[in-house]
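A quick note: this is a predicted structure, and the numbers were derived from the prediction, not measured. Along the sequence shown, residues are numbered consecutively beginning with 1.
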Amino acid sequence: MKKLIFTFVVALMALAANAQKIMTFNQFAPGNNPLVYHTDNLFMYIVDNKNKMECDEGIRTFRDGKRFTTRLKTGGRSARGNQIFLSVKAKGKLHIYAASSSSEENRPITVMKGTTVMVSDVIENYNKMPIIVDIEKIGEYQIMYPEGPINIYGIYLEEEKPEVAPHP
């Protein structure tokens, strides 16, 4: 019996270690955003000088099974007063769950590190696949949406697992 309980506890610990901490957003009205969100390995900073960003109820399930109940609405295209910055604290794959805020228009999304484009893609309202960015360097990144508003449902970093050298 002790062996069974021990095995169960070890299995639970393994599940917890592999669980992804997804950054989601609490509801807020325009002009009342918290400006900073974070998980263990990811910080998001919002610049919203025009008080257009908001978070409301927006239920969406993506093809990989991730389900969200709220969304961050950017309220416009990315510009000086409407920006999203990420500070990434580990290497891995960054998953951005986003959709066009328009049911009729696709919207481009770009993730930059300094002046380097890491990913540039077009998101649709109906396509329910996350944008995935390979993070090879820890540091600051920016999410840009140059042609119009998008909705962001969640973001998480799937950390790179260190390679374990085999025993000789």
Side-chain angles (χ1 to χ4, degrees), residues 17-28 30-56 58 60 62-102 105-125 127-163:
N18 290 327
Q20 300 298 328
K21 293 192 177 182
I22 299 176
M23 180 185 300
T24 56
F25 312 101
N26 297 325
Q27 292 187 27
F28 62 82
N32 294 316
N33 65 22
L35 303 179
V36 176
Y37 291 90
H38 65 88
T39 63
D40 291 343
N41 54 17
L42 188 63
F43 289 84
M44 184 174 89
Y45 306 92
I46 295 173
V47 176
D48 183 22
N49 294 341
K50 297 179 181 178
N51 296 325
K52 289 187 168 187
M53 289 190 187
E54 68 178 296
C55 183
D56 67 3
R60 180 164 292 223
F62 285 77
R63 286 191 208 161
D64 63 0
K66 302 278 188 298
R67 183 176 187 274
F68 301 92
T69 58
T70 59
R71 61 188 172 186
L72 174 65
K73 297 165 69 173
T74 62
R77 63 185 181 85
S78 53
R80 258 185 164 353
N82 184 326
Q83 300 176 51
I84 297 174
F85 297 94
L86 297 173
S87 181
V88 182
K89 304 297 182 192
K91 295 178 183 180
K93 294 194 181 300
L94 183 68
H95 298 247
I96 302 172
Y97 291 86
S100 171
S101 64
S102 170
E105 294 180 24
N106 299 336
R107 301 272 163 78
I109 183 172
T110 303
V111 178
M112 309 271 302
K113 177 160 181 51
T115 58
T116 303
V117 174
M118 303 303 295
V119 165
S120 187
D121 206 344
V122 174
I123 55 175
E124 302 140 350
N125 187 295
N127 186 2
K128 298 179 181 175
M129 292 299 295
I131 303 297
I132 299 175
V133 183
D134 285 323
I135 302 295
E136 296 174 2
K137 293 184 179 179
I138 295 169
E140 305 300 315
Y141 292 80
Q142 183 176 6
I143 299 175
M144 302 182 74
Y145 31 97
E147 291 185 19
I150 62 173
N151 298 326
I152 300 175
Y153 293 85
I155 302 173
Y156 83 88
L157 181 66
E158 178 184 359
E159 286 189 37
E160 185 178 276
K161 301 208 179 356
E163 290 185 31

Notebook entry, point to check: Looking only at atom types and distance, does a side-chain atom of N82 sit under 3.5 Å from a main-chain N or O of T74, one as donor and one as acceptor?
Noted result: yes
Notebook entry, point to check: Taking the side chain from S78 and the backbone from Y145, do they hold a donor-acceptor pair closer than 3.5 Å?
Noted result: yes
Next item on the list: Sorted by first residue and then second, give each salt bridge (Lys or Arg N to Asp or Glu O under 4.0 Å) pair with at least one member in residues 69-88; sequence neighbours left out.
Entry: D56-R71, D56-K73
Could you work out, with side-chain contact (heavy atoms from CB on, under 4.5 Å) as the rule, every residue matching [X], not counting sequence neighbours?
| X | value |
| --- | --- |
| S87 | F43, Y45, K89, E140 |
| V122 | N106 |
| E105 | S102, R107 |
| K93 | H95, I132, D134, E158 |

Could you pull out the closest heavy-atom pair between [X] and [Y], with the gap in Å?
| X | Y | result |
| --- | --- | --- |
| T39 | K21 | CG2-O, 3.7 Å |
| V117 | M112 | CG2-SD, 3.5 Å |
| F85 | V47 | CE1-CG2, 3.9 Å |
| N151 | S100 | ND2-O, 4.1 Å |
| Y37 | I46 | CE1-CD1, 3.7 Å |
| A98 | Y153 | CA-CD1, 4.4 Å |

Notebook entry, point to check: NZ of K113: more than 12 outside heavy atoms within 6.0 angstrom?
Noted result: yes
Margin query: I'd like to check I143 versus I109 (side-chain heavy atoms, cut-off strictly below 4.5 Å). Are they in contact?
Written below: yes
Notebook entry, point to check: Are L94 and L42 close enough that some pair of their side-chain heavy atoms sits under 4.5 Å apart?
Noted result: yes
Next item on the list: Run the numbers on M53 and F25 for side chain to side chain contact (heavy atoms under 4.5 Å, CB included), then give the verdict.
Entry: CA-CA 12 Å; M53 289 190 187; F25 312 101; over 6 Å; no
Just how far is it from atom [atom1] of [X] to atom [atom2] of [Y], taken to the nearest 0.5 Å?
| X | Y | atom1 | atom2 | value |
| --- | --- | --- | --- | --- |
| I135 | E159 | CD1 | CD | 12.0 Å |
| M129 | K66 | CE | NZ | 10.5 Å |
| M144 | I150 | CE | CD1 | 11.0 Å |
| K128 | R60 | NZ | CZ | 5.5 Å |
| L157 | L86 | CG | CG | 9.5 Å |
| I155 | I96 | CD1 | CD1 | 5.5 Å |

Notebook entry, point to check: Quick one: ring pair (Phe, Tyr, Trp, His ring centres under 6.0 Å) partners of Y97, sequence neighbours excluded?
Noted result: F62, F68
